[in-house]
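In what follows, a single structure is set out as structure tokens and then discussed.
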Amino acid sequence: MTTIDRRTILASGALVLAGTAVQGGPAEAQAGPKAMFPVAATTIPIVGEAEVFQVRRIYCIGRNYAAHAIERGSDPTREPPFFFQKPTDAIQNVAVGTVADHPYPSLTKNYHHEVELVAVLKSGGANIPAEKALEHVYGYALGLDMTRRDLQNGMAAEKKPWEIGKSFDHAAVIGPIHPASKTGHFVNGAISLAINGTVKQSSDLKNMIWSVAEQIAKLSEAFELKAGDIIYSGTPENVGPVVKGDVLLCKLEGLPDMSIRIV
């Protein structure tokens, strides 16, 4: 019978514990808080690419065409740019060549269309100079900033935040992204929206008060912009109501048309 003294037992036990710690180290290092449930990423298709663009934040500029600022009761010669946000999951993707069903939202009786150029960012930063801003743009898309106008106006009249008028399901309609490497950067070009074949909005990107580059520069003074951010760059004048059954056709020179049906 072999005799094992107490020192040997203690030493052996220490080795076993050390081995267990080494083996369990990586697993313990990888362990962390577990999400209660998955949250789907919001993505936008990119024309000609297998990859998709993952959306981080949606920024929108208000009253960025002089005539639209006037119709909304503002003075475009004195007003600095202002921005609001929509939730990321407000995105509704619309494929080229289709007419997508767009649900008429709850709570409103005055639902408005706003056609816009959308810029999407591949990088960002803080305090970006306007002359460097377009270096951060990955591409462009055609979009609709849909608005529950009665709710927006009602909250504004009470001097309360009017997020409820802008931030709701399907409020950020968008076509696929076109890389700027293929389209170039949009500084001018006809933009329009028709309802059931009748043109309602018609202007040119050159009429924007603040260019895309200037919007990026101004936004980056307030927020650190990052890859995945998208910017709705403002709508021309003659925004107006839609009703169930209406078919909207959006056009922007240099990009495919985009169309939705209000259901």
Side-chain angles (χ1 to χ4, degrees), residues 40-61 85-106 108 111-121 137-149 165-180 182-183 186 189-203 205 212 228-236 238-263:
T42 298
T43 61
I44 305 171
I46 303 171
V47 172
E49 302 291 340
E51 295 178 321
V52 293
F53 184 92
Q54 185 168 337
V55 182
R56 191 184 82 101
R57 289 182 182 173
I58 302 173
Y59 295 102
C60 308
I61 188 171
Q85 293 187 45
K86 290 177 181 273
T88 299
D89 63 359
I91 289 286
Q92 179 184 3
N93 288 305
V94 180
V96 174
T98 68
V99 180
D101 285 346
H102 177 85
Y104 195 98
S106 62
T108 183
Y111 192 40
H112 278 210
H113 57 78
E114 299 188 12
V115 63
E116 311 195 7
L117 169 70
V118 183
V120 307
L121 304 188
V137 175
Y138 173 77
Y140 297 91
L142 186 52
L144 277 166
D145 166 16
M146 300 302 290
T147 303
R148 297 192 281 203
R149 190 72 72 198
K166 289 286 190 177
S167 303
F168 51 92
D169 296 340
H170 307 101
V173 182
I174 194 167
I177 294 169
H178 298 258
K182 298 178 181 178
T183 65
F186 288 82
I191 184 170
S192 67
L193 179 143
I195 301 179
N196 303 325
T198 301
V199 175
K200 298 293 186 179
Q201 291 184 271
S202 181
S203 189
L205 296 179
V212 170
D229 291 344
I230 73 174
I231 303 170
Y232 279 68
S233 64
T235 194
N238 295 325
V239 299
V242 298
V243 297
K244 289 183 178 181
D246 282 347
V247 175
L248 281 59
L249 179 61
C250 305
K251 292 179 174 288
L252 176 59
E253 186 178 341
L255 293 183
D257 297 347
M258 182 182 72
S259 186
I260 63 171
R261 177 186 294 105
I262 309 299
V263 297

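Listed here is the closest heavy atom pair of K251 and D257: NZ-OD2, 2.7 Å. Taking all atoms of both residues into account, the shortest heavy-atom contact from V118 to L142 is CG2-C, 4.4 Å. Considering all non-hydrogen atoms of both residues, G245 and N196 come closest at O-OD1, 4.1 Å. Annotation for V199 and S202: closest pair CG1-CB, 4.0 Å, computed over non-hydrogen atoms. Considering all non-hydrogen atoms of both residues, V94 and S259 come closest at CG1-O, 3.5 Å. Among all heavy-atom pairs drawn from V52 and P45, the shortest one is CG1-CA, 4.3 Å.
Going from atom CZ of R57 over to atom CG of D229 covers 6.5 Å, rounded to the nearest 0.5 Å. From H170, atom NE2 reaches atom CG of D89 across 9.5 Å, with rounding to the nearest 0.5 Å. Going from atom OG of S192 over to atom CG of N238 covers 12.0 Å, rounded to the nearest 0.5 Å. Between Y232 atom OH and E114 atom CD the span is 11.5 Å, to the nearest 0.5 Å. A distance of 10.0 Å separates OG1 of T198 from CG of D246, quoted to the nearest 0.5 Å. Note that OG1 of T98 and CD1 of I260 are 10.5 Å apart. Values are rounded to the nearest 0.5 Å.
In this structure, Q85 contributes its side chain and S167 its backbone to no donor-acceptor pair below 3.5 Å. Judged by distance alone, the side chain of N93 and the main-chain N or O of T43 form a donor-acceptor pair under 3.5 Å. Side-chain N or O atoms of T235 include none that pairs as donor or acceptor with a backbone N or O of E116 at under 3.5 Å. Without hydrogens or angle criteria, D169 side chain to A90 main chain gives no donor-acceptor distance under 3.5 Å. Checked by atom type and distance alone, the side chain of R149 never pairs as donor or acceptor with a backbone atom of T108 at under 3.5 Å. With hydrogens and angles ignored, the 3.5 Å screen pairs no side-chain donor or acceptor of Q201 with any backbone N or O of L193. Judged by distance alone, the side chain of K166 and the main-chain N or O of K86 form no donor-acceptor pair under 3.5 Å. The backbone N or O of V55 lies less than 3.5 Å from no partner atom in the side chain of T42, so there is not a single donor-acceptor pair.
For the side chain to side chain contact (heavy atoms under 4.5 Å, CB included) test with V173, the passing option among I91, V115, L248, L144 is L144; the others fail.
In this structure the side chain of V243 never reaches within 4.5 angstrom of the side chain of P241, judged on heavy atoms. Side-chain contact between I191 and L205 is present, with at least one heavy-atom pair separated by less than 4.5 Å. L252 is not listed as a side-chain neighbour of Y140, based on a closest heavy-atom distance of 4.5 Å or more. Taking the side chain as every heavy atom from C-beta outward, C250 and H113 never approach each other to under 4.5 Å. Using a 4.5 Å cut-off on side-chain heavy atoms (C-beta onward), V120 and V137 make no contact.
Using bins of under 30°, 30° to 60° and over 60° for the plane-to-plane angle, the ring pair H102/Y111 lands in the parallel bin.
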Carefully, step by step, assess V212 and F186 under the rule side chain to side chain contact (heavy atoms under 4.5 Å, CB included).
-> CA-CA 8 Å; V212 170; F186 288 82; over 6 Å; no
Assess whether side chain to side chain contact (heavy atoms under 4.5 Å, CB included) is satisfied between I58 and C60, documenting all intermediate values.
-> CA-CA 7 Å; I58 302 173; C60 308; 4.2 Å; yes
Any chance you could lay out the side chain to side chain contact (heavy atoms under 4.5 Å, CB included) test for I195 and V247, step after step, and finish with the verdict?
-> CA-CA 6 Å; I195 301 179; V247 175; over 6 Å; no
